[in-house]
Q: 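This structure is in structure tokens; I'll ask about it shortly.
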Amino acid sequence: MEASRKLIYRQRQVVLFCFFLGFSQAGAEPRRYSVVEETEGSSFVTNIAKDLDLGQRELIRRGARVISKGNKLRLQLDLETGDVVLNEKLDREELCGDTEPCVLPFQILLENPLEFFQAELQVIDINDHAPLFMDREILLKISESSPPGTTFPLKSAKDVDVGGNNIKNYVISSNSHFQVLTRKRSNNSTYPELVLDKVLDREMEHVLMLTLMAQDGGSPPRSGTVQVHIEVLDTNDNAPEFEQPLYKVQVPEDSPIGFMIIRVSATDIDIGANGEISYSFFQVSEEISKTFEVNPSTGEMRLNKQLDFETAPSYEVNMEARDAGDFSGKCIVLVQVMDVNDNAPEISITAFTGLIAENSPETVVAVFSVSDLDSEENGRTECSIQNDLPFLLKSSVENFYTLVTDRPLDRESRSEYNVTITVMDLGTPRLRTQLNVIILVSDVNDNAPTFFQTSYTLFVRENNSPALHIGTVSATDQDSGTNAQITYSLMLSHDPKFPLASLVSINADNGQLFALRSLDYEALRAFQFRVGAVDAGSPALSSEALVRVVVVDDNDNSPFVLYPLQNGSVPCTELVPRAAETGYLVTKVVAVDGDSGQNAWLSYQLLKATEPGLFSVWAHNGEVRTTRLLSERDAAKHRLVVLVKDNGEPPMSATVTLLVLLVDGFSQPYLPLPEVTSEETQADSLTVYLVIALASVSSLFLFSVLLFVAVRLGKRHRTTSMNHLSVPQSHFPGHLLEVSRTGTLSHNYQYEVCLTGGSGTSEFKFLKPILPNFQNHSPGSEIEENPNFRNDFGFSIQ
Ligand SMILES: *[C@@H]1O[C@H](CO)[C@@H](O)[C@H](O)[C@H]1NC(C)=O
Ligand SMILES: *[C@@H]1O[C@H](CO)[C@@H](O)[C@H](O)[C@H]1NC(C)=O
Ligand SMILES: *[C@@H]1O[C@H](CO)[C@@H](O)[C@H](O)[C@H]1NC(C)=O
Ligand SMILES: *[C@@H]1O[C@H](CO)[C@@H](O)[C@H](O)[C@H]1NC(C)=O
């Protein structure tokens, strides 16, 4: 109901308005008046009395009014004068805003008679407002890659003035990249458009601050400004770039793994991801990629493998720095490996002879070469061997050497040489290599065997067992091998009388000497011969030594009584006159001993007597003497047993039985031989012949003895050197006398008597002189023959 009522009210108003229009002069144009805005209140607009052509009083009379449809009445009518003045100051912008022209319609109403006039008041704009930007700053982000001509429409400024007072154009502060164009929209409003004249480069200028000015078309014009903040956006338009195109670095070859060689650095002036650089090798060989590694983010290049100057003295490493895009930069790292003395010299033997014959002249032993992998001083070498060796190093070509002998070698003084070849380089530190070569000197048979002694004296006790080892001769040979294999041999004499081969033999291998048969001192006192030693070399060398065998006496002979003759049953009978004085020499027991020395020293003693005390025996010489005067009471017949004993160990002895007859005078011969046999009678007849023969033989013998002595004295000078080979004599006991020296005959002459056995008659089969036996004197002959018996009488009688 309320709503419909309002609608009806409005319909009435419209009807009323149409009514008024109906009263106005049909087709009449509204009267137009204008006033500039912002004119002061009560300013004159028009005089309607003149406009309507009415008299001065008529306005009041007709009750003229100015009305405005519904609007606030901004005009005031002075009825007196008819002037219409402004009621207040008018602001076009407030009244009309953007509408142009700004027209305020009003009516002039005359009531009596009612008359109605249309009128309009146009408010004319003045430039009373400056353009105004809504924002204090305009922020623009423009990529640096935008091409020239790119336009960037900007927010326009506002100017509430209209028409010519509105914004006319835009101006931008001077800059090298942009200009601004003033564009018009379809509704005639303007807006600025930024146009890129020249390409932006973020890297040059990443922010531009421009001032945009909007100018209106008023007079004077007004303007407003705004800051245009242009941020240049990065695009990846720059490649990374290394600080140096070429890096040179020197690295010692012994640098450890992980050693940082260099740190390369590249820069990319782009920012953000566009400026992020990763480093890598660029088209490098496998060798380089194995040897080095690069840290992609830091650019540190490190060693991945041991360097070796000798195999690769330098490396040229191409490096690349790449940003997130496709841009990359390159550089070269030149790694120069510095030589370190890390290689010892090497010796390589080309030819080598490990065996050199002794006594040979200068000989090449080895040919070798020396090398060192290092360079310069590190690779120069010096070669040497020990000083004290008979070898020399010769070098004709550098690093080639020959090892030669300096002089002929002697294997016997040194058979092996350990030659140390030392090679040192000249680097720091000096490295050295040593090679030991063993050089053997082969043997040449240049040394004869040598006996340890030039002569050997061997003592052999007589009665030895056959094949007794009597001694050893020994020789050495300084050579080696077969050249030192020694064979021993006996040097058999050519003397047929001396059968050496049957006496001794020698072991050819070891020089042991053996007596082949039992030796008998009494037959052979000493003999000498030569032994030889020969090596097995070619030609063989030999040497000789003298061996003298001395037979040592053994007490193997018991004393043998020469006188009185011992014959089993019949003892010898001595006659003693009763008138004999005390000490009368009854007889002398004569005995010999085949042995020598002590074994032959005899002593005598009375073992048994019929009447003890009547006779005594001198121990030394065997003389039997009476000890007191004889008396008639003494028995006529005495039996004495005398013991003859030698001084051997154990002693040997013999006994002799004597018959002593006391007779009253020598005038009565007494032949007490009751058991005389017929043969003995025959012997008596022989005695005369025997004496004659004996006399002649004795003279002959004396002559021969004299001859012999003469010869002997001559030889004696030559053989004195052999004296010391005789059996040494022990001290001669004082109570004993040597038989051979105390015989009644000259002890210089002895006779050997060969007796025929078995008959009672003594017969000289032959009688020959025997050699005088000087205890300290050896005969010159190689053989010493021992007389079987020696006695004081010179010969034996049986
Ligand atoms: C002209 O039109 C634009 C939109 O097209 C508007 O923003 C602007 O206010 C208008 N200007 C005037 C004076 O009418
Ligand atoms: C724009 O201005 C031109 C002349 O200044 C006028 O002819 C035209 O009608 C105007 N257009 C609008 C839409 O106001
Ligand atoms: C050679 O001499 C060296 C030292 O001088 C030693 O080490 C080496 O064992 C010797 N060689 C022989 C085979 O003796
Ligand atoms: C000694 O006596 C023995 C008997 O005992 C006898 O055979 C021998 O012929 C005798 N000879 C001498 C020289 O007396």
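Order of listing sets the numbers, starting from 1, for every ligand and every atom in it. Residue numbers start at 1 and run along the sequence shown.
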Q: Donor-acceptor pair, distance only, cut-off 3.5 Å: does the side chain of N341 make one with the backbone of P429?
A: yes

Q: So, does N555 use its side chain to make a donor-acceptor pair with the main chain of P650 at under 3.5 Å?
A: yes

Q: Would a search of protein heavy atoms around atom 14 (O) of ligand 3 find one under 4.0 Å away?
A: yes

Q: Look at atom 4 (C) of ligand 3 and say which protein heavy atom is nearest, naming residue and atom and giving the distance to 0.1 Å.
A: N436 ND2, 4.5 Å

Q: Side chain of R432, backbone of V423: donor and acceptor closer than 3.5 Å?
A: no

Q: Taking the six-membered ring for Trp, are Y279 and F242 parallel (under 30°), tilted (30 to 60°) or perpendicular (over 60°)?
A: tilted

Q: Any idea which of T420, N418, V437, I438 brings a heavy atom closest to atom 6 (C) of ligand 3?
A: N418

